[in-house]
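Please read these numbers as outputs of a predicted model, since none were measured by experiment. Only heavy atoms go into these numbers, but all of them, side chains included; no hydrogens, no water, no symmetry mates. Below, read A as the first sequence line, B as the second, and so on, with proteins coming before strands; counting in each chain starts at 1.
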2 protein chains.
Amino acid sequence: MVNVLDVAERANVSSATVSRVLSGSTLVRAETRAKVVAAAEALGYEPNSFARNLRKGRGSSIALVTGDIEHGIYPRLAKHLQRELELINLNLVLFNLGHRQERLRHMLQHATSMGLRGLFLASADIADMASLKPLVDRAAGKGIAILSVSQRLEGFGIDSIVHDDLAGAGMAVEHLLARGRRAIAYLGRISGSEVGRERSLGHEQALLRAGLPIDPVLVWDVREGFRSEAGYRMTSAALDRGLHVDAIVAASDELASGAIAALLDHGLSVPGDVAVTGFGGISWGNYLRPALSTIDLDVAALAERARLWLEAHEAGEAHPALVMIRPSLIVRSST
Amino acid sequence: MVNVLDVAERANVSSATVSRVLSGSTLVRAETRAKVVAAAEALGYEPNSFARNLRKGRGSSIALVTGDIEHGIYPRLAKHLQRELELINLNLVLFNLGHRQERLRHMLQHATSMGLRGLFLASADIADMASLKPLVDRAAGKGIAILSVSQRLEGFGIDSIVHDDLAGAGMAVEHLLARGRRAIAYLGRISGSEVGRERSLGHEQALLRAGLPIDPVLVWDVREGFRSEAGYRMTSAALDRGLHVDAIVAASDELASGAIAALLDHGLSVPGDVAVTGFGGISWGNYLRPALSTIDLDVAALAERARLWLEAHEAGEAHPALVMIRPSLIVRSST
DNA sequence: TTGTAAGCGTTATCAG
DNA sequence: CTGATAACGCTTACAA
């Protein structure tokens with residue numbers, strides 16, 4: 001393994017000079033710089049990141065902490081975040097909780113020891129924030145940059161960059177109202193949990209704005225998460241109970257796909273009998289039949305803001321505690 | 001930041017002893033060990049991974065190199081790999097190529113410098129392997145563990161753990177033949193590329209086994225990758241040309257969803273007029289209507305084998321150059 | 001503009 | 001079974 005000393009020797013300079021050249025310092029004579037660069041080149045020198053990080057006292061990776069990286073917009077989020085971090089020479093390390101709360105504790109506890117520079121929280125089910133707070137503070141105190149990129153956690157002192165779920169759900173409901181729908185169900189509440197609360201609230205508030213009552217039987221809980229299966233099950237159950245619905249606002253595209261399947265299986269037509277909207281803007285939504293109208297989440301924008309936040313944080317600059325990314329409605333044939 | 005010396009001081013031992021205790025060495029008196037553990041506990045000691053890695057000369061993360069982490073089975077793969085690596089205290093860092101070949105070169109070149117312990121290649125479009133080979137060898141020579149987890153690359157001296165695509169495609173074709181289909185198209189060849197070649201071959205061989213001819217017009221190229229849009233486009237184009245087909249074997253679930261959409265849009269029924277199979281076993285496939293019959297890939301098994309491979313590799317034990325994971329057919333209503 | 005030298009926190013070697 | 005000590009490769013005061 002060739003190191004700075006080898007390069008220094010070959011270039012007839014000191015290791016300090018080599019280091020200066022390689023870290024792009026300007027305080028080096030052009031001529032010297034050239035010599036060093038040539039020597040490094042010739043020897044195939046590659047800096048050792050551990051030594052550098054050890055010396056500098058900080059690492060070069062950010063952990064993306066997800067509940068379930070497999071579903072919803074998380075794969076897209078991971079992709080965009082990685083791309084953004086790469087711009088500032090940081091790595092994205094993946095940490096999937098699999099919905100085990102204690103693993104988050106573990107993560108928070110060992111963030112410094114793992115040499116992480118920051119933590120992007122993208123787990124949808126951070127429930128017990130109160131008990132987590134001390135750990136978060138401890139990590140933050142040690143210089144770990146902590147940002148929530150899925151839930152609004154600014155109330156707990158954690159900066160948050162999130163999609164404007166409230167507005168998104170509102171847009172869906174308003175679109176359905178404009179289409180003449182009145183019995184607009186909400187699919188995807190997780191009762192007793194903050195998860196998806198904003199979306200559920202968006203549905204509620206939009207109905208109230210329109211002067212419509214909130215019918216509790218039209219708010220459907222999912223316990224198994226935002227996946228197709230839950231959508232299918234809850235929609236089926238509602239239909240079996242003979243509920244009257246003419247539209248469903250689903251909290252995710254996957255839930256929506258399950259809902260549509262259930263409706264079709266019950267002999268109903270979409271959107272003829274029941275219109276359905278999704279949430280997320282997943283790519284295959286356009287190839288469901290009927291094609292899924294959905295609230296498209298601008299994940300690329302979110303990822304960029306996350307990078308900007310990180311840069312500001314590292315520079316010690318001020319940054320807003322909450323950024324909301326505005327989603328947009330995509331109208332397709334399911335509504 | 002509390003370090004080994006602090007712990008040593010508090011426990012009245014040397015840093016060496018602390019290190020021994022913390023790395024679980026048995027050559028320490030139980031009593032001494034207890035003192036050290038207590039001191040570490042009391043001080044809230046956390047080992048510094050950079051120092052450790054620097055000293056040990058190797059890191060603790062594996063990079064997952066994908067072409068596009070957003071689609072297909074890659075999110076699932078990432079999830080399972082992370083879980084497996086966690087078992088052996090390794091991190092998974094994400095590196096998404098976005099289908100830019102030169103970024104792979106870069107990755108290979110800087111793997112050591114980034115302190116990576118290994119590289120899992122999961123990019124479907126590693127085309128120019130010949131030119132990449134020297135870089136791979138160089139990295140391998142430096143002790144980087146390199147494993148392909150999507151393409152068969154054992155011919156290039158790269159150990160590979162892959163799904164048995166040949167068998168999978170064969171199972172799909174045989175299933176369709178058993179259902180009486182004869183004009184079985186293959187959707188998803190990328191002409192002039194090794195990508196998906198095994199699947200395409202599986203289709204071909206299964207037809208030949210059944211004594212059926214290969215009709216070139218029934219092999220559909222996709223240039224835009226294995227996504228829904230391409231499936232829709234190619235299927236539409238074929239139908240517009242008036243081609244007779246009674247079944248489509250798609251190289252991915254996303255392609256299949258596009259194909260089904262195109263068929264329905266052309267007024268055809270699935271599976272009445274045309275049966276369709278997917279590839280992957282994506283979770284929402286069961287909620288398409290008709291529900292998608294597919295070749296289910298056992299990603300969890302693949303991930304486990306990958307971990308086992310890594311352990312063997314590190315232990316210097318022998319390990320097979322090629323492991324094939326057997327997929328299974330899931331029959332739903334699209335066939 | 002460049003060199004010297006002192007660490008960063010850990011582990012491995014060698015004595016004891 | 002334990003301690004002293006020398007690295008690992010890099011950056012950064014401080015000197016020159």
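- A salt bridge links B/Arg58 with B/Glu314: the distance from a Lys NZ or Arg NE/NH1/NH2 to an Asp or Glu carboxylate oxygen falls below 4.0 Å.
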Open item on the list: Protein within reach of the bases, or only the backbone? For nucleotides 10-15 of chain C, mark each nucleotide 5' to 3' as B, S or -, using heavy atoms under 4.0 Å.
Closed with: BBB---
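- For the side-chain hydrogen bond (donor to acceptor under 3.5 Å, both in side chains) test, residues two or more places apart in sequence or in another chain that qualify with B/Glu70 are A/Lys79.
- Taking atom CD on B/Glu9 and atom P on C/dG9, their separation rounds to 14 Å, with Å as the unit.
- Counting heavy-atom neighbours within 6.0 Å of A/Glu102 CD, excluding the residue itself, gives a total above 12.
- Spacing between atom CZ of A/Phe50 and atom P of C/dG9 amounts to 17 Å, rounded to whole angstrom units.
- The distance between atom CG of B/Leu54 and atom P of C/dG7, rounded to the nearest whole Å, is 17 Å.
- B/His110 is linked by a ring-ring contact (aromatic ring centres under 6.0 Å, His included) to B/His106, counting only residues two or more places apart in sequence or in another chain.
- Ionic pairing of B/Arg307 and B/Glu311 is present here: one or more N-O contacts between side-chain nitrogen and carboxylate oxygen are shorter than 4.0 angstrom.
- Distances shown here put a side-chain N or O of A/Thr17 below 4.0 Å from the OP1 or OP2 atom of C/dG3.
- Taking atom CG of residue B/Asn12 and atom C1' of nucleotide D/dC1, one finds them 16 Å apart after rounding to whole Å.
- Nucleotide C/dT1 holds its C1' atom 12 Å from the CD atom of A/Glu31, rounded to whole Å.
- Residues A/Tyr74 and A/Ser150 form a side-chain contact, since some pair of their non-hydrogen atoms from C-beta on lies under 4.5 Å apart.
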